[in-house]
Amino acid sequence: GSAVMTSDKVLFASTDGNVYLLRQSDGIKLWSFNAGSAISSSPAVIKDNFFILTDDGRVLSFGIKK
């Protein structure tokens, strides 16, 4: 899938089963999550949340806890 970019971060998923958030200026990993299954979809971002569809059919949701 495609990456989602902001002015200072890059969010993407990988076929290795991980979701990554990198600092755009230097590529430093800020956060990662192992989904336990390959991911070939692009992240969907809505406000402060993002969603990932894994290749085994699960939808994962991440965001700020309110």
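For this chain, numbers begin at 1 and follow the sequence in order.
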| task | Report the residue from Ser40, Ser37, Ser41 that forms a side-chain hydrogen bond (donor to acceptor under 3.5 Å, both in side chains) with Asp55. | result | Ser40

| Hey, does Leu22 have a side-chain heavy atom less than 4.5 Å from the side chain of Lys9? | no

| field | Heavy-atom side-chain proximity of Trp31 to Val19 below 4.5 angstrom | value | yes

| request: Find the distance between CZ (Phe51) and OG (Ser61) and round it off to the nearest 0.5 Å. | output: 4.0 Å

| Shortest non-hydrogen contact from Thr6 to Gln24? | O-OE1, 3.1 Å

| remark: For Leu53 and Ile39, the nearest pair of non-hydrogen atoms, with its separation, is O-CG2, 3.6 Å

| For the residue pair Ile64 and Asn49, what are the closest heavy atoms and their distance? | N-OD1, 4.0 Å

| field | Flag side-chain contact, heavy atom, 4.5 Å: Leu11 against Phe50 | value | yes

| Is Val10 linked to Ile52 within one hydrophobic cluster, defined over Ile, Leu, Val, Met, Phe, Trp and Tyr using a side-chain heavy-atom separation of less than 4.5 Å? | no

| request: Measure across Pro43 and Ser2 and return the closest heavy-atom pair with its distance rounded to 0.1 Å. | output: CD-O, 3.3 Å

| Path from Met5 to Leu21 over hydrophobic side-chain contacts below 4.5 Å | no

| request: Locate the shortest heavy-atom distance separating Ala35 from Leu60; write the atom from each residue and the value. | output: CB-CD1, 3.6 Å

| task | Taking Ser14 for its side chain and Asn18 for its backbone only, find out whether a donor-acceptor pair lies under 3.5 Å. | result | no

